[in-house]
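The figures here come from the full heavy-atom set of this structure, side chains too, leaving out hydrogens, waters and symmetry mates.
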Amino acid sequence: MDMEGNKRVFQRLGGGPSTASDSRHHPQQQQQQQKVCFHWRAGKCTRHPCPFLHRELPAPAQPLSNGGAPKRFAEDSGSQFLRRGPKFTGGSNTWGRVHGGNAVAKKTEKLCNYWVQGNCTYGDKCRYLHSWSLGDCFDMLTQLEGHQKVVTGIAFPSGSGNLYTGSKDETLRVWDCQSGQCAGVINLGGEIGCMISEGPWVFVGLPNLVKAYNTQSNADLSLNGPVGQVYAMVVGNGLLFAGIQDGSILAWKFNAATNGFEPAASLSGHTLGVVSLVVGANRLYSGSMDNSIRVWNLETLQCMQILTDHTSVVMSVLCWDQFLLSCSLDKTIKVWVASDSGNLEVTYTHNEEHVCIGSPIS
């Protein structure tokens with residue numbers, strides 16, 4: 001009979017008095033045995049015998065206030081001393097398993113498609129995310145329901161207690177930020193392509209028109225000039241820019257004397273609709289359905305460079321530090337940086353599994 005082998009197994013499982021005796025005569029062997037088996041923790045150890053512990057190490061013994069001896073680790077562990085085979089489901093360690101009760105499955109970073117559609121039946125036990133964000137940075141306060149089609153713009157003007165949302169259902173909704181209730185609905189008679197805010201102003205992009213609402217004075221203005229849907233807007237250098245379906249970029253300047261907006265410029269060059277705009281480093285960047293990005297000088301409003309590395313619609317452009325980021329329906333996100341000559345060049349390209357769609361939230 002393999003007495004020595006049985007002895008090692010007995011020691012590993014927290015055996016009796018002989019364990020203490022052996023630790024005095026073989027300190028190196030005892031130190032090696034104090035390592036917990038990694039494979040056992042994962043429920044996959046198949047070694048017989050295994051040189052490592054198949055149990056968690058006990059916490060340092062704390063003297064009891066009543067003078068009694070501290071309880072031995074073995075007395076609290078119960079079935080945890082049993083070897084964990086492939087079908088082990090006991091113990092307190094879940095390791096991503098769901099064993100009933102109030103246990104919650106370990107989440108993956110993949111969004112649950114059934115939850116998105118509103119019909120996941122697993123609830124908290126679902127392995128996939130039931131949230132649009134990951135981490136402790138964001139918590140959903142409430143869900144605003146009312147729009148019947150895609151929401152294309154969100155604006156939160158300064159000094160206002162209301163949130164404004166626009167949709168392809170042709171309505172602008174006003175939400176009370178304290179109660180989360182809809183405080184008003186404006187039917188605009190056309191699909192809303194975009195919406196931004198600047199100071200107390202809310203600008204709404206419509207077919208052949210830009211609506212401007214002042215949330216403090218209740219002014220309601222119409223900015224004419226666009227031909228087709230207004231897809232994107234941005235404010236820079238005292239001008240309001242709008243990307244139009246016909247490929248042009250229109251600019252208006254605010255006139256304090258008349259408390260209105262006057263046409264200031266029309267930027268041409270794109271051959272298809274302008275769907276994204278951003279301002280940074282005294283430049284205006286425009287992304288278009290013609291697959292290009294144009295760089296405009298904000299002072300002269302002249303085109304300085306044309307970026308043609310994308311092979312499909314440039315859905316969004318973003319200035320970050322000294323970089324320009326762009327995402328496209330070609331399933332790439334590109335990072336641009338200025339070279340020694342001052343021109344932008346691609347310094348990094350990230351490939352996505354799905355098409356990249358970005359939209360600024362004001």
- Message: Consider side chain to side chain contact (heavy atoms under 4.5 Å, CB included). Of Leu250, Ile244, Ile249, which one does Ser266 pass it with?
- Response: Leu250
- Query: Taking all non-hydrogen atoms of both residues, which atom of Ser292 and which atom of Ile306 are closest, and how far apart?
  - Reply: CB-CG2, 4.1 Å
- Message: Looking at every non-hydrogen atom in both residues, tell me the closest pair between Ala338 and Leu344 and how far apart they are.
- Response: N-CD2, 3.7 Å
- Task: Go through Leu111 and Val116 one step at a time and tell me if the side chain to side chain contact (heavy atoms under 4.5 Å, CB included) criterion holds.
- Result: CA-CA 8 Å; Leu111 189 66; Val116 172; 3.5 Å; yes
- Item | Heavy-atom pair with the smallest gap, counting every atom of Val234 and Val278 | CG2-CA, 4.2 Å
- Item | Worked check of ring-ring contact (aromatic ring centres under 6.0 Å, His included) between Phe261 and Trp201 | CA-CA 12 Å; Phe261 293 86; Trp201 290 95; 5.1 Å; yes
- Where is the tightest heavy-atom contact between Gln229 and Gly193, given as atom of each residue plus distance? NE2-N, 3.2 Å
- Short N-O contact, Asp309 and Lys334, less than 4.0 angstrom: no
- Message: Quick one, Cys194 with Val230, criterion side chain to side chain contact (heavy atoms under 4.5 Å, CB included). Give me CA distance, side-chain angles, the key distance, then yes/no.
- Response: CA-CA 7 Å; Cys194 60; Val230 178; 4.0 Å; yes
- Query: When you look at Thr347 and Trp336, which way does the side-chain hydrogen bond (donor to acceptor under 3.5 Å, both in side chains) test go after all the steps?
  - Reply: CA-CA 6 Å; Thr347 184; Trp336 310 76; over 6 Å; no
- Item | Heavy-atom pair with the smallest gap, counting every atom of Ser217 and Asn214 | N-OD1, 3.0 Å
- Message: Using the rule given for side chain to side chain contact (heavy atoms under 4.5 Å, CB included), can you reason through Tyr114 versus Thr121, listing the C-alpha separation, both sets of side-chain angles and the distance that settles it, and then say yes or no?
- Response: CA-CA 8 Å; Tyr114 294 99; Thr121 58; over 6 Å; no
- No-hydrogen, no-angle side-chain donor-acceptor test under 3.5 Å, Asn297 and Gln302: no
- Could you tell me whether the side chain of Leu223 reaches within less than 4.5 Å of the side chain of Leu240, counting heavy atoms only? yes
- Side-chain H-bond candidate by donor/acceptor type, Asp290 with His270, under 3.5 Å: yes
- Report whether Val346 and Val314 are members of the same hydrophobic cluster (ILVMFWY, side-chain heavy atoms less than 4.5 Å apart, transitive linking). yes
- Query: Are any of the side-chain heavy atoms of Leu163 and Ile154 separated by less than 4.5 Å?
  - Reply: yes
- Heavy-atom closest pair, residues Cys112 and Cys126: SG-SG, 3.9 Å
- Task: Could you walk me through whether Ser326 and His310 pass the side-chain hydrogen bond (donor to acceptor under 3.5 Å, both in side chains) test, one step at a time?
- Result: CA-CA 9 Å; Ser326 61; His310 282 295; 2.7 Å; yes
- Message: Could you check whether atom CD of Gln117 has more than 12 heavy atoms from other residues, nucleotides or ligands sitting under 6.0 Å from it?
- Response: yes
- Same hydrophobic cluster for Leu318 and Val295, using side-chain heavy-atom links shorter than 4.5 Å among ILVMFWY? no
- Is Glu191 close to Leu206 at the side-chain level, that is, under 4.5 Å between some pair of heavy atoms? no
- Verdict with supporting geometry, Tyr164 and Phe203, ring-ring contact (aromatic ring centres under 6.0 Å, His included): CA-CA 10 Å; Tyr164 295 77; Phe203 300 101; over 10 Å; no
